[in-house]
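Every value quoted in this text rests on a predicted model; they were computed, and no experiment measured them.
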Amino acid sequence: MTVSPVPPRPSVGTLLLSALFVTAGTLHFVTPGFFDRIVPPWVPLTARQATLISGAAELLGGLGLLHPHTRLAARWGLLALLVAVFPANVWMVQDPGRFRVSSWVAWGRLPLQPLLMWAVWRAGRPRGHGPR
């Protein structure tokens, strides 16, 4: 009888990243109005549809980072999500007052996106690919 190895536990960084995405995803359902407002008008969905879909994707991706068998799929899903929502951040920078955020918050979100992508890339590595 062969005993499979115990799956590696997520690192502290992966746990924090997961918590960030789960929290953000939950906020899409708890306070959708803010997220609805930042959906650019050219998106081919209603603002509420885009908010709920992106919130569900954040929840699923954040939870997916927690288990080694779903981590790689969560990595690719979250990377795709971060690329897809980047235009909302650009839209917000163009007129922060419209979205009831300060200019520095709107601008601060832009460099945060590549940092999140880097963190997701690292957290979503398959088992055995570098230190955790």
Note to self: Keeping Arg71 on the side-chain end and Gly64 on the backbone end, is there a donor-acceptor pair under 3.5 Å?
What the structure shows: no
Check: If every non-hydrogen atom of Ala74 is compared with every non-hydrogen atom of Gly61, which pair is closest and at what distance?
Finding: CB-O, 3.5 Å
Next item on the list: Report yes if the side chains of Glu58 and Leu63 come closer than 4.5 Å at any heavy-atom pair, otherwise no.
Entry: no
Margin query: Check for me whether the distance between the ring centres of Trp91 and Trp42 falls short of 6.0 Å.
Written below: no
Note to self: In the structure I gave you, are the side-chain heavy atoms of Arg37 and Met92 within less than 4.5 Å of one another anywhere?
What the structure shows: no
Note to self: Applying side-chain contact (heavy atoms from CB on, under 4.5 Å) to Leu17 and Leu78, what does each step give before you reach the verdict?
What the structure shows: CA-CA 11 Å; Leu17 190 61; Leu78 287 171; 5.9 Å; no
Notebook entry, point to check: Just one of Ile53, Thr51, Leu52, Val39 clears the side-chain contact (heavy atoms from CB on, under 4.5 Å) bar with Leu45, so which one?
Noted result: Ile53
Checklist line | Min side-chain heavy-atom separation Thr46-Asp36 under 4.5 Å | finding: no
Margin query: Could you go through His28 and Leu59, starting from their C-alpha distance and side-chain angles, then the distance that decides it, and tell me whether this counts as side-chain contact (heavy atoms from CB on, under 4.5 Å)?
Written below: CA-CA 10 Å; His28 282 67; Leu59 280 167; over 6 Å; no
Next item on the list: Calculate, to the nearest 0.5 Å, the distance between atoms CG and CZ belonging to Leu27 and Phe35 respectively.
Entry: 5.0 Å
Item checked: 4.5 Å side-chain heavy-atom contact, Arg9 and Pro68 -> no
Checklist line | Non-hydrogen atoms of Pro87 and Val83 that approach each other most closely | finding: CD-O, 3.5 Å
Notebook entry, point to check: Do you know the tightest heavy-atom contact between Val101 and Ala106?
Noted result: CG2-CB, 4.1 Å
Item checked: Side chain to side chain, Val85 and Ile38, heavy atoms closer than 4.5 Å -> no
Item checked: Side-chain heavy-atom pair Leu81, Ser54 within 4.5 angstrom cut-off -> yes
Checklist line | Residue pair Ser18 / Leu15, side-chain heavy-atom distance below 4.5 Å | finding: no
Margin query: Just so I know, are the side chains of Leu110 and Phe86 near enough to count as touching, which here means a heavy-atom distance under 4.5 Å?
Written below: yes
Next item on the list: Please test Phe21 against Leu82 for side-chain contact (heavy atoms from CB on, under 4.5 Å), starting from the C-alpha separation and ending with a verdict.
Entry: CA-CA 11 Å; Phe21 279 105; Leu82 288 167; 4.2 Å; yes
Margin query: Nearest 0.5 angstrom please: Leu65 CG to Thr70 OG1, how far?
Written below: 7.5 Å
Checklist line | Residues Arg75, Arg122; criterion side-chain contact (heavy atoms from CB on, under 4.5 Å); working and verdict | finding: CA-CA 9 Å; Arg75 170 202 234 184; Arg122 288 188 48 85; over 6 Å; no
Next item on the list: Check the hydrophobic clustering (I, L, V, M, F, W, Y; side-chain heavy atoms under 4.5 Å; chains of links allowed) and say if Val120 and Leu112 are grouped together.
Entry: yes
Notebook entry, point to check: Any side-chain donor-acceptor pair under 3.5 Å between Thr23 and Thr26?
Noted result: no
